[in-house]
Amino acid sequence: RTPRAIARMRALLPRPDAPQDALIAIARQIVRSEPARADAHRFLADVFGRKGDLARVAHHLKAYLYHEGRDLPSLRELAMTLERLQDGPGAAVAWRSVLREAPTDARAWRSLGGVCLAAGEVDQAREAAGQAVALAPSDPAARELARSVGERVLDGEIERLVLAIQADP
């Protein structure tokens, strides 16, 4: 009974006149009565995505993945959502999960590199950027990430030299 209800609600979702708040209430009722219902969590992630509520999208994607297991498109969506929420550590964990499932995904390597660089994890950013460029050498975004990582490494070396000179005049 419940799987058909979710399927019917999912069919209504694309309609512009879809009663989203009522659909959310029904799906939440299903989750309360059956917390392990992965499809209800996935449905709620989709509805909250349409509403632009990224925190709830992330919450329900995590619940969905917990109950459903590895679903690569949902893992990617979670990683991107966490990036948009500026949850760098969470996004890094999610991108690493994507890479365990798809180790040749240049975009995932590039995204992980960007997250690591933003967090100041230059060595991890360098490794990820290297993988991204190796997998997609003509990707301008991967090359730009590698350039940014190189600049950060160079800035760190210059700063260390300046400090060393200042410490020993």
Side-chain angles (χ1 to χ4, degrees), residues 3 6-7 9-10 13-14 20 24 27-28 30-31 34-160:
I6 299 272
M9 292 188 318
R10 187 167 293 289
L13 198 54
Q20 289 188 0
I24 290 170
R28 282 183 168 161
I30 292 168
V31 166
E34 299 177 61
R37 285 303 304 270
D39 59 344
H41 285 290
R42 181 66 242 194
F43 175 79
L44 284 166
D46 292 343
V47 175
F48 286 123
R50 289 176 182 272
K51 292 174 84 70
D53 189 339
L54 296 180
R56 287 190 173 140
V57 170
H59 169 79
H60 288 289
L61 282 172
K62 288 175 186 177
Y64 169 75
L65 289 164
Y66 176 79
H67 295 295
E68 185 66 23
R70 294 288 176 230
D71 171 18
L72 195 54
S74 294
L75 275 171
R76 282 191 181 101
E77 184 179 353
L78 176 61
M80 289 184 284
T81 300
L82 292 171
E83 269 190 80
R84 290 179 62 199
L85 286 168
Q86 298 181 348
D87 177 357
V93 168
W95 282 120
R96 285 184 181 104
S97 294
V98 168
L99 288 165
R100 274 193 294 282
E101 301 294 318
T104 60
D105 185 337
R107 184 174 186 277
W109 280 110
R110 187 180 76 223
S111 295
L112 176 61
V115 168
C116 291
L117 187 61
E121 299 168 357
V122 180
D123 290 338
Q124 292 178 357
R126 183 185 323 176
E127 178 187 346
Q131 288 287 343
V133 170
L135 291 166
S138 62
D139 179 1
R143 296 169 62 86
E144 175 61 27
L145 173 64
R147 187 191 62 72
S148 296
V149 170
E151 284 179 0
R152 181 76 64 89
V153 169
L154 185 58
D155 288 347
E157 292 299 318
I158 291 170
E159 186 176 322
R160 278 191 279 284

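Everything numeric in this text was worked out from a predicted model, so none of it was measured.
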Could you pull out all donor-acceptor pairs under 3.5 Å where a side-chain atom in residues 80-96 meets a protein atom, sequence neighbours excluded?
| residue | atom | partner | partner atom | Å |
| --- | --- | --- | --- | --- |
| Thr81 | OG1 | Glu77 | O | 2.7 |
| Glu83 | OE2 | Trp95 | NE1 | 2.6 |
| Asp87 | OD1 | Gly90 | N | 2.8 |
| Arg96 | NH2 | Gln124 | OE1 | 2.8 |

Charged N to carboxylate O under 4.0 angstrom, Asp46 versus Arg42?
yes
Sorted by chain and residue number, the salt bridge (charged side-chain N to carboxylate O under 4.0 Å, His left out) partners of Glu68 (sequence neighbours excluded) come out as none
Examine distances only and state if a side-chain atom of His67 and a backbone atom of Asp39 form a donor-acceptor pair shorter than 3.5 Å.
no
Main-chain N/O of Ala45 paired with His59 side-chain donor or acceptor, under 3.5 Å
no
Treating Arg37 as the side-chain partner and Ile30 as the backbone partner, does any N or O pair qualify as donor plus acceptor under 3.5 Å?
no
Smallest separation among heavy atoms of Ser74 and Leu65, with atom names
CB-CD2, 3.9 Å
Looking at CG of Leu135 and CZ of Arg110, how far apart are the two atoms once the value is rounded to the nearest 0.5 Å?
11.5 Å
What distance separates Gln20 CD from Phe48 CZ, expressed to the nearest 0.5 Å?
9.5 Å
Residue that, paired with Val153, satisfies side-chain contact (heavy atoms from CB on, under 4.5 Å) out of Ile158, Asp123, Val122
Val122
Salt bridge Asp105-Arg76, side-chain N to carboxylate O under 4.0 Å:
yes
Test your reading of the model: is there a side-chain donor-acceptor pair from Trp109 to the backbone of Pro103, 3.5 Å cut-off?
yes
Can you list, pair by pair, the side-chain donor-acceptor contacts under 3.5 Å of residues 140-148, counting residues two or more places apart and other chains?
| residue | atom | partner | partner atom | Å |
| --- | --- | --- | --- | --- |
| Arg143 | NH1 | Pro137 | O | 3.4 |
| Glu144 | OE1 | Arg147 | NE | 3.1 |
| Glu144 | OE1 | Arg147 | NH2 | 3.3 |
| Glu144 | OE2 | Arg147 | NE | 3.4 |
| Glu144 | OE2 | Arg147 | NH2 | 2.2 |
| Arg147 | NH1 | Glu151 | OE1 | 3.2 |
| Arg147 | NH1 | Glu151 | OE2 | 2.1 |
| Ser148 | OG | Glu144 | O | 3.1 |

In the structure I gave you, are the side-chain heavy atoms of Ile24 and Lys51 within less than 4.5 Å of one another anywhere?
yes
Can you name the nearest heavy-atom pair linking His41 to Ala63, along with the distance?
ND1-CB, 3.3 Å
Mind checking the OH-CG spacing from Tyr64 to Leu44? Nearest 0.5 Å is all I need.
13.0 Å
Looking at every heavy atom in both Val149 and Arg126, which two are closest together, and how far apart are they?
CG1-CA, 3.6 Å
Note: Ala40 and Ala27 closest approach over all heavy atoms is CB-O, 4.3 Å
Report the distance from atom CZ of Arg28 to atom NE2 of His60, rounding to the nearest 0.5 Å.
6.0 Å
